[in-house]
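Just below is one structure, and these are the notes that go with it.
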Amino acid sequence: MSADSSVLVLRAIKLRLEADLAENLSIAKTYIEQGVGVGDHPDLVGQALQAIRKAAEAEDCLRFMASDKFQCSLNNTTAVGKFFDKWKD
């Protein structure tokens with residue numbers, strides 16, 4: 001795989017994880033703050049918790065990819081640069 005293709009893959013992964021995080025945060029906040037459609041969701045607590053877990057998993061993945069543990073040859077190239085910096089601790 002070329003370096004350009006690898007950068008695209010990394011960007012796609014990052015964007016997908018950020019979308020998963022945003023989606024599941026939105027779902028959890030809606031369940032918790034608005035409680036709309038409670039009749040449609042008899043396990044409201046379980047579904048809110050599931051969304052929170054999915055959001056936490058996406059955030060965990062983003063932090064892992066930004067960490068030194070994720071050894072990717074592209075992490076230190078100018079092509080990727082500070083791509084994951086906002087997710088570093």
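All values below come from the heavy atoms of this structure, side chains included, with hydrogens, waters and symmetry mates left out. The residues of the chain are indexed from 1 along the displayed sequence. Here the structure is a predicted model, which is why all the values come from computation and not from measurement.
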Stepwise salt bridge (Lys or Arg N to Asp or Glu O under 4.0 Å) test for Arg63 and Glu59
CA-CA 6 Å; Arg63 289 189 191 283; Glu59 186 175 36; 3.2 Å; yes
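Every residue meeting the side chain to side chain contact (heavy atoms under 4.5 Å, CB included) condition with Ile52, not counting sequence neighbours, appears here in chain and number order: Ala28, Ile32. Applying the side chain to side chain contact (heavy atoms under 4.5 Å, CB included) rule to Ile13 yields the partners Val9, Leu17, Met65; only residues at least two apart in sequence or on another chain are considered. In this structure Ile27 satisfies the side chain to side chain contact (heavy atoms under 4.5 Å, CB included) test together with Glu23, Asn24, Tyr31, Ala51, sequence neighbours excluded.
Using a 4.0 Å cut-off between charged nitrogen and carboxylate oxygen, Glu18 and Lys14 count as a salt-bridge pair.
Here the CG atom belonging to Leu49 is positioned 11.0 Å from the CG atom belonging to Leu44, to the nearest 0.5 angstrom.
A distance-only check finds a donor-acceptor pair linking the side chain of Thr30 to the backbone of Ser26 [under 3.5 Å].
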